[in-house]
**Student:** 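Below you'll find the structure I mean.
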Amino acid sequence: MNIQNKIEQKVKEAISHLHQVDLAQVEFQPTRKDFEGDVTVVTFPMLRQIKTNPVQLGNAIGEYLVENVEEIVSFNVVQGFLNIVLSNKFYLSSFEAIANNSDFGKAEVNEYSDTIMVEYSSPNTNKPLHLGHVRNNLLGFSVAEILKASGRRVYKTQIINDRGIHICKSMLAWERWGNGETPESTGLKGDKLVGNYYVKFDQEHKKEIASLISEGKTEVEAKAQAPVLVAAKEMLIKWEAGDEEVKALWEKMNQWVYDGFEKTYKTLGVDFDKNYYESNTYLLGKDVVAEGIEKGVFFRKDDGSVWIDLTEDGLDEKIVLRSDGTAVYMTQDIGTAIQRVKDFAIDGMVYTVGNEQDYHFKVLFLILSKLGYEWANNLYHLSYGMVDLPTGKMKSREGTVVDADDLIAQMTQTAKSISEELGKLGEYSSEEKEELYKMIGLGALKYYILKVDPRKRILFNPEESVDFQGNTGPFIQYTYARIQSILRKANLETDGMELPQSYVLHEKEKELIKQLQSYPDTIQLAAENHSPALIANYTYDLVKEFNSFYQNVTILGTPDEAEKKFRVQLSKSVGDIIKSAFGLLGIQVPERM
RNA sequence: GGUCGCGUAGCUCAGUUGGAUAGAGCACCUGCCUUCUAAGCAGGCGGUCCCAGGUUCGAAUCCUGGCGCGAUCACCA
């Protein structure tokens, strides 16, 4: 039983003893730094049931607790706050348990664990990944790791949007103006090559629009009638009809893109257990719509289109099947969700998709629930804010994007120049150095993005570089490296504690142990809230606390061997938790830097 | 216009069952490297928690109404 539960029980006992009142619950909070104590019981709420003044009540409870709870050594009362001081012995044994558990903080998966599928990334195949995708990937990957650590079974997936007019545009442009270029012939990454033709298409399209307008057409007419667009649409129709030539081109160019994505995913350090392809799933869901009509969930309009009426739920009518019988996005998503539950026996799903699709997912979940699927209650839209530039939205067609690969390279370069300036890596080979620069650059980028609440919009200014000091990834990595340096120098066995029970903990040591203790709760909270930001902030607090300890308390310099060993063990545990927590964020930590 | 999200220091952000004097980083200013890695530590400066009401012993947090920013409301995805 954890200490808070124990105290809660004893407080209830005290109140029932002293005032013959049963408390429903006891309110706790960590004691603020400006007061003496470790945990605080807030007694204000009790005054509703007990007519007395808060100071008297606090004192009475405090005395009872000191008498009856061995871990409590003293207390003080400030108004309605009962500040409780816990014994050193309690902290030491608590720390011992932490130090001896290599998986501290993580809940185990067992037969009762839920299985959750996390969908993220889900790119279109007509252009390379940009900063917006980076946020999506980092969030999705991290939330999957956090869910695992919280005791769920997790499958990671992405649905690749490999069909449609967008890829036909790239295909058409390549066919017309590509001169047979390939990734091999140009040395370009495949996704970049295909993306270039998407831009090329847009340029040609714009030229044609301009000339049509000069011939007297309206803008709307010009856009729709421009010959390149008409040709791209024809290509899509051929694709849907299974035209072999078009399919072959489609397969070839998609493969280039996949090879390119694979490289980016690898550098980003994200992965998937299963890929779904829209070319396989875009017809799914139609039969479900038919069933839904029978159940009365959907209705058919005179023109043959099928709708759902959500006005009673405060939403609008939404189409689920076109009048020509073809599937819309919603149809596919209904079908795909059901397919996934069949494939993996999952209990729930997390969709990592930008907040521009909030409405879509609200409707999707509502529909699945109306269709009677129980797991519909376990669907979660991990909705995140857009990443905007100072100049506005990123647009691939217009080339105003921060390319993922370029950004990573740039971050790595910054890490390199800072490292070289500091010059602490004497004995590292150049390969080791390059690895490290990448680790730090990525650490800075990932932390920068993940420390922000997912719902919030991020304004990214490429002119101002991402920081490497203060509340940043590299600062935390640096602290980890410092700890490893101590461990190397200490060269001690870290098993078993030799500290006498009478040892009085330094204030900083105590704060560190407290911070370590809250790791398991932090993981659970982060999982419930689908928020890597909570892990990032936790880690930062831990690291700040450690650096303060490090610079105010001597670790290896202390003459007392038992004390030295304890401090080394404490440092090691902090390092382990940093590594574990950063693992949940998908950030690696270095031995030196 | 309807719906949803956001609004906290000059800037970027914490602040999650409503609790004590609202916290960090960056920037700016002071100190600290012959001693465990100064990508650090110790301190200073900096606040109309968007505004106005309400609920409460107590509100940045909950409710109502405004204001501002963003998203969305397609037989697009």
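As the structure is a prediction and not an experimental result, all values here were calculated from the model. To find a chain, count down the sequence lines: A is the first, B the second, and so on, and within it residues start at 1.
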**Student:** Side-chain N or O of A:K362 versus OP1/OP2 of B:C73: is the shortest distance under 4.0 Å?
**Tutor:** no

**Student:** Checking only heavy atoms, does the side chain of A:D358 share a donor-acceptor pair with the base of B:U72 at less than 3.5 Å?
**Tutor:** no

**Student:** Only pairs with both distances under 3.5 Å count, Watson-Crick or wobble alike; so what is the partner of B:U48 in this structure?
**Tutor:** none

**Student:** Can you figure out which of B:G19, B:A38, B:A77 approaches the side chain of A:Y478 most closely?
**Tutor:** B:A38

**Student:** Would A:Y550 pass as stacked on B:G40, i.e. its ring centre under 5.5 Å from the base's six-membered ring centre and planes under 30° apart?
**Tutor:** no

**Student:** At less than 3.5 Å, do the side-chain atoms of A:D333 and the base atoms of B:A77 form a donor-acceptor pair?
**Tutor:** no

**Student:** Under 4.0 Å: is that the gap between some side-chain N or O of A:R455 and OP1 or OP2 of B:C6?
**Tutor:** yes

**Student:** Compare all side-chain heavy atoms of A:D316 with those of A:Y359 and state whether any distance is below 4.5 angstrom.
**Tutor:** yes

**Student:** Can you measure from NE2 (A:H506) to OG1 (A:T558) and round to the nearest 0.5 angstrom?
**Tutor:** 11.0 Å

**Student:** Apply salt bridge (charged side-chain N to carboxylate O under 4.0 Å, His left out) to A:D453 and A:R455, showing your working.
**Tutor:** CA-CA 6 Å; A:D453 184 326; A:R455 282 172 306 196; 3.0 Å; yes

**Student:** Assign A:L534 to base, sugar-phosphate, or nothing according to its heavy-atom contacts below 4.0 angstrom with the strands shown.
**Tutor:** base

**Student:** Return no unless some side-chain N or O of A:R32 is found under 4.0 Å from OP1 or OP2 of B:A20.
**Tutor:** yes

**Student:** Base, sugar-phosphate, or nothing: which does A:S531 touch, judged by heavy atoms less than 4.0 Å apart?
**Tutor:** nothing

**Student:** Check every strand shown and say whether A:I440 touches a base, only sugar-phosphate, or nothing at a heavy-atom separation below 4.0 Å.
**Tutor:** base

**Student:** Output the single nucleotide from B:A20, B:U37, B:G40 whose closest atom is nearest the side chain of A:N83.
**Tutor:** B:A20

**Student:** Can you tell me which nucleotide in B:C36, B:A20, B:A14 comes closest to the side chain of A:I555?
**Tutor:** B:C36

**Student:** Where does the angle between the aromatic ring planes of A:F44 and A:F81 fall among parallel (under 30°), tilted (30 to 60°) and perpendicular (over 60°)?
**Tutor:** perpendicular

**Student:** NA contact type, A:D453, heavy-atom cut-off 4.0 Å: base, sugar-phosphate, or nothing?
**Tutor:** sugar-phosphate

**Student:** What's the closest nucleotide to the side chain of A:R322 if the choices are B:C41, B:A14, B:C76?
**Tutor:** B:C76

**Student:** Of the candidate nucleotides B:U17, B:G25, B:C13, which contains the atom at the shortest distance from the side chain of A:E27?
**Tutor:** B:U17

**Student:** Within 45 degrees of the axis of the six-membered ring of A:W307 and under 6.0 Å from its centre: does A:K301 put its NZ or CZ there?
**Tutor:** yes

**Student:** Taking only side-chain N and O atoms of A:R567, does any of them lie within less than 4.0 angstrom of OP1 or OP2 on B:C36?
**Tutor:** no

**Student:** With centres under 5.5 Å and planes under 30°, do A:F44 and B:G19 count as stacked?
**Tutor:** yes

**Student:** If you check the A:R48 side chain, which of B:G58, B:A39, B:U37 turns out closest?
**Tutor:** B:G58

**Student:** Starting at the 5' end of RNA chain B, which residue's closest nucleotide do you reach first, A:G314 or A:Q357?
**Tutor:** A:G314

**Student:** Among B:C26, B:A20, B:C36, which is the nearest nucleotide to the side chain of A:T554?
**Tutor:** B:C36

**Student:** Determine whether any donor atom in the side chain of A:S419 lies under 3.5 Å from an acceptor atom in the base of B:A39, or the reverse, and answer yes or no.
**Tutor:** yes

**Student:** When we call it a touch if two heavy atoms are under 4.0 Å apart, what does A:Q29 touch: a base, just sugar-phosphate, or nothing?
**Tutor:** base

**Student:** May I ask you to check whether A:F475 and A:Y478 place their ring centres under 6.0 Å from each other?
**Tutor:** no

**Student:** Tell me what A:K489 touches on the nucleic acid: a base, only sugar-phosphate, or nothing, going by heavy atoms under 4.0 Å.
**Tutor:** sugar-phosphate

**Student:** Is the backbone of A:I159 close enough, under 3.5 Å, to the side chain of A:S122 for a donor and an acceptor to pair up by distance?
**Tutor:** yes

**Student:** Touch check for A:T326, heavy atoms < 4.0 angstrom, all strands: base, sugar-phosphate only, or nothing?
**Tutor:** nothing

**Student:** Does A:T43 reach the main-chain N or O of A:G80 with its side chain, forming a donor-acceptor pair under 3.5 Å?
**Tutor:** yes

**Student:** B:A42 base to A:S548 side chain: any donor-acceptor pair below 3.5 Å?
**Tutor:** no

**Student:** Tell me what A:Y359 touches on the nucleic acid: a base, only sugar-phosphate, or nothing, going by heavy atoms under 4.0 Å.
**Tutor:** sugar-phosphate

**Student:** On the nucleotide B:A24, are OP1 or OP2 found under 4.0 Å from the side-chain N or O atoms that A:K451 carries?
**Tutor:** no

**Student:** Can you tabulate the close N/O pairs, meaning under 3.5 Å, that link protein atoms to atoms of nucleotides 8-10 of chain B?
**Tutor:**
none

**Student:** For a salt bridge (charged side-chain N to carboxylate O under 4.0 Å, His left out) with A:D38, tell me which candidate from A:K33, A:R32, A:K514 qualifies.
**Tutor:** A:K514

**Student:** A:I486 side chain: which of B:A39, B:C41, B:C36 is closest?
**Tutor:** B:C36

**Student:** Suppose we define a pair by two distances each less than 3.5 Å, Watson-Crick or G-U wobble; what does B:G68 pair with here?
**Tutor:** B:C6

**Student:** NA contact type, A:E591, heavy-atom cut-off 4.0 Å: base, sugar-phosphate, or nothing?
**Tutor:** base

**Student:** What contact category does A:E356 fall into here, base, sugar-phosphate, or nothing, at under 4.0 angstrom with non-hydrogen atoms?
**Tutor:** sugar-phosphate

**Student:** Quick check with a 6.0 Å cut-off and a 45 degree axis cone: is A:R135 positioned over the face of A:Y384's six-membered ring?
**Tutor:** no

**Student:** Would you indicate what A:P45 reaches in the nucleic acid, counting non-hydrogen atoms under 4.0 angstrom: base, sugar-phosphate, or nothing?
**Tutor:** base

**Student:** Can you tell me which nucleotide in B:A20, B:C26, B:G19 comes closest to the side chain of A:T40?
**Tutor:** B:A20

**Student:** Is there aromatic stacking of A:F35 on B:A20 here, judged by a ring-centre distance under 5.5 Å and a plane angle under 30°?
**Tutor:** yes

**Student:** So what does A:N161 touch, heavy atoms closer than 4.0 Å: a base, only the sugar-phosphate, or nothing?
**Tutor:** sugar-phosphate

**Student:** Between A:S485 and B:U37, is there a contact of a side-chain N or O with OP1 or OP2 at under 4.0 Å?
**Tutor:** yes

**Student:** Should A:L382 and A:E119 be marked as a side-chain contact (heavy atoms from CB on, under 4.5 Å) after you check the CA-CA gap, both sets of side-chain angles, and the distance that decides it?
**Tutor:** CA-CA 9 Å; A:L382 174 52; A:E119 175 194 299; over 6 Å; no

**Student:** Counting Watson-Crick and G-U wobble pairs only, both distances under 3.5 Å, name the nucleotide matched with B:G40, or none.
**Tutor:** B:C32

**Student:** Contact class for A:F28 (heavy atom, under 4.0 Å): base, sugar-phosphate, or nothing?
**Tutor:** base

**Student:** With heavy atoms under 4.0 Å as the rule, sort A:V543 into base, sugar-phosphate or nothing.
**Tutor:** nothing

